[in-house]
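Shown next, in structure tokens, is the structure this report addresses.
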Amino acid sequence: MTHPAVRAVAISDRPLSVTEVLDSLDDPASGGLVLFVGRVRDHDGGKGVVGLSYSAHPSALQRLEEVCERVATEHDVTGVAAVHRVGDLDIGDLAVVVATTAGHRGSSFDASRALIDTLKAEVPIWKHQRFADGTEEWVGAP
């Protein structure tokens with residue numbers, strides 16, 4: 001991480017901590033902090049989800065760092081953090097936590113939306129969902 005605003009970037013097989021992300025962004029210059037937490041839900045596409053797993057390509061952490069650097073460069077922010085979980089997750093588990101800080105809320109809202117949307121589009125992390133009817137599906141896999 002070279003941009004000073006990028007404070008925390010990780011891909012982890014351990015449960016994610018919102019507190020750790022918020023702590024990484026603590027500074028007196030930030031008047032606005034926008035946090036997004038993605039959780040495993042119990043349904044998708046009209047089917048009941050019983051669990052899922054995330055797999056990451058070996059380049060995923062580098063790609064996540066690049067996305068954070070780009071958001072930090074393109075937005076007027078004082079802090080950027082993004083962590084994503086891999087492995088088996090249950091309903092309600094945290095899958096991704098992203099947050100940005102800025103002097104004002106508008107910049108932080110814009111940066112956080114760009115961060116989660118770009119992460120989902122560009123970082124090679126794939127979701128394998130298991131449905132209540134016994135079927136399964138890969139999401140985001142090439």
Side-chain angles (χ1 to χ4, degrees), residues 1-27 29-133 135-142:
M1 297 180 286
T2 59
H3 195 289
V6 178
R7 308 278 183 77
V9 181
I11 295 175
S12 178
D13 60 359
R14 296 186 338 251
L16 302 181
S17 167
V18 170
T19 301
E20 286 179 15
V21 170
L22 294 177
D23 287 349
S24 76
L25 295 172
D26 189 34
D27 72 69
S30 299
L33 182 148
V34 173
L35 171 74
F36 172 79
V37 177
R39 300 176 353 138
V40 178
R41 62 183 179 268
D42 67 357
H43 67 281
D44 190 35
K47 292 180 166 184
V49 173
V50 295
L52 57 79
S53 61
Y54 282 99
S55 300
H57 187 273
S59 69
L61 181 58
Q62 178 184 344
R63 297 291 299 278
L64 183 55
E65 290 170 348
E66 292 168 359
V67 167
C68 289
E69 294 278 338
R70 190 172 345 135
V71 167
T73 300
E74 294 175 357
H75 295 271
D76 184 20
V77 295
T78 55
V80 173
V83 294
H84 203 295
R85 177 94 183 265
V86 292
D88 295 331
L89 283 76
D90 295 321
I91 304 304
D93 284 349
L94 306 187
V96 62
V97 179
V98 301
T100 64
T101 55
H104 302 282
R105 68 181 177 271
S107 298
S108 191
F109 273 111
D110 293 344
S112 289
R113 177 173 288 281
L115 181 56
I116 190 61
D117 289 349
T118 308
L119 181 162
K120 296 299 257 178
E122 296 183 13
V123 178
I125 297 175
W126 308 295
K127 179 170 55 173
H128 181 215
Q129 297 190 110
R130 297 178 304 283
F131 297 106
D133 65 5
T135 61
E136 56 186 44
E137 126 183 279
W138 282 92
V139 179

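None of the values given here were measured: they were computed from a predicted structure. Throughout, residue positions are numbered sequentially from 1 according to the sequence presented.
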Hey, what's the ring geometry for Trp138 with His128, parallel, tilted or perpendicular (30° and 60° as the breaks)?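 Correct class here is parallel.
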Minimum heavy-atom separation for [X] and [Y], please, with both atom names.
X      : Y      : value
Val71  : Ala111 : CG1-O, 3.7 Å
Ala102 : Ser107 : CB-CB, 3.7 Å
Leu119 : His84  : CD2-CD2, 3.9 Å
Ala82  : Val98  : CB-CG1, 3.8 Å
Ser112 : Ala99  : OG-C, 4.1 Å

For a side chain to side chain contact (heavy atoms under 4.5 Å, CB included) check, start with the C-alpha distance between Val49 and Arg130, then their side-chain angles and the critical distance, and finish with the verdict. CA-CA 6 Å; Val49 173; Arg130 297 178 304 283; over 6 Å; no
Is a side-chain N or O of [X] found less than 3.5 angstrom from the main chain of [Y], in a donor-acceptor match?
X      : Y      : result
His57  : Ser59  : yes
Ser24  : Val21  : yes
Thr135 : Phe131 : no
Thr101 : Leu33  : no
Asp93  : Asp90  : yes

Nearest-0.5 Å distance that lies between atom [atom1] in [X] and atom [atom2] in [Y]:
X      : Y      : atom1 : atom2 : answer
Asp76  : His104 : CG    : NE2   : 8.0 Å
Thr19  : Leu16  : OG1   : CG    : 12.0 Å
Arg7   : Asp23  : CZ    : CG    : 12.0 Å
Thr100 : His75  : OG1   : NE2   : 8.5 Å
Ser17  : Leu94  : OG    : CG    : 8.5 Å

Side chain to side chain contact (heavy atoms under 4.5 Å, CB included) evaluation trace for Val9 with Val6: CA-CA 8 Å; Val9 181; Val6 178; 3.5 Å; yes
Within 6.0 angstrom of Arg113 CZ, more than 12 heavy atoms from elsewhere: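 Incorrect, the count does not exceed 12.
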Beyond-backbone contact of [X] with [Y], side-chain heavy atoms, under 4.5 angstrom:
X      : Y      : result
Leu115 : Cys68  : yes
Val83  : Ile11  : no
Lys47  : Asp133 : yes
Val37  : Leu35  : yes
Arg63  : Ile125 : no

Within 45° of the six-membered ring axis of Tyr54 and under 6.0 Å from that ring's centre, is NZ or CZ of Lys127 located there?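 Here Lys127 fails the 6.0 Å and 45° test against Tyr54.
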Residue list, salt bridge (Lys or Arg N to Asp or Glu O under 4.0 Å) with Asp44, at least two apart or on another chain: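 Listed in chain order: Arg41.
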If we count only N and O atoms by modelled type, under 3.5 Å, do the side chains of Thr78 and Ser30 hold a donor and an acceptor together?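 Checked: Thr78/Ser30 side chains pair up, N/O donor to acceptor below 3.5 Å.
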Would you call Glu122-Arg70 a salt bridge at under 4.0 Å N-O?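 Judged by the 4.0 Å cut-off on N to carboxylate O distance, Glu122 and Arg70 do form a salt bridge.
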Working for side chain to side chain contact (heavy atoms under 4.5 Å, CB included), residues Val139 and Glu137: CA-CA 6 Å; Val139 179; Glu137 126 183 279; 3.8 Å; yes
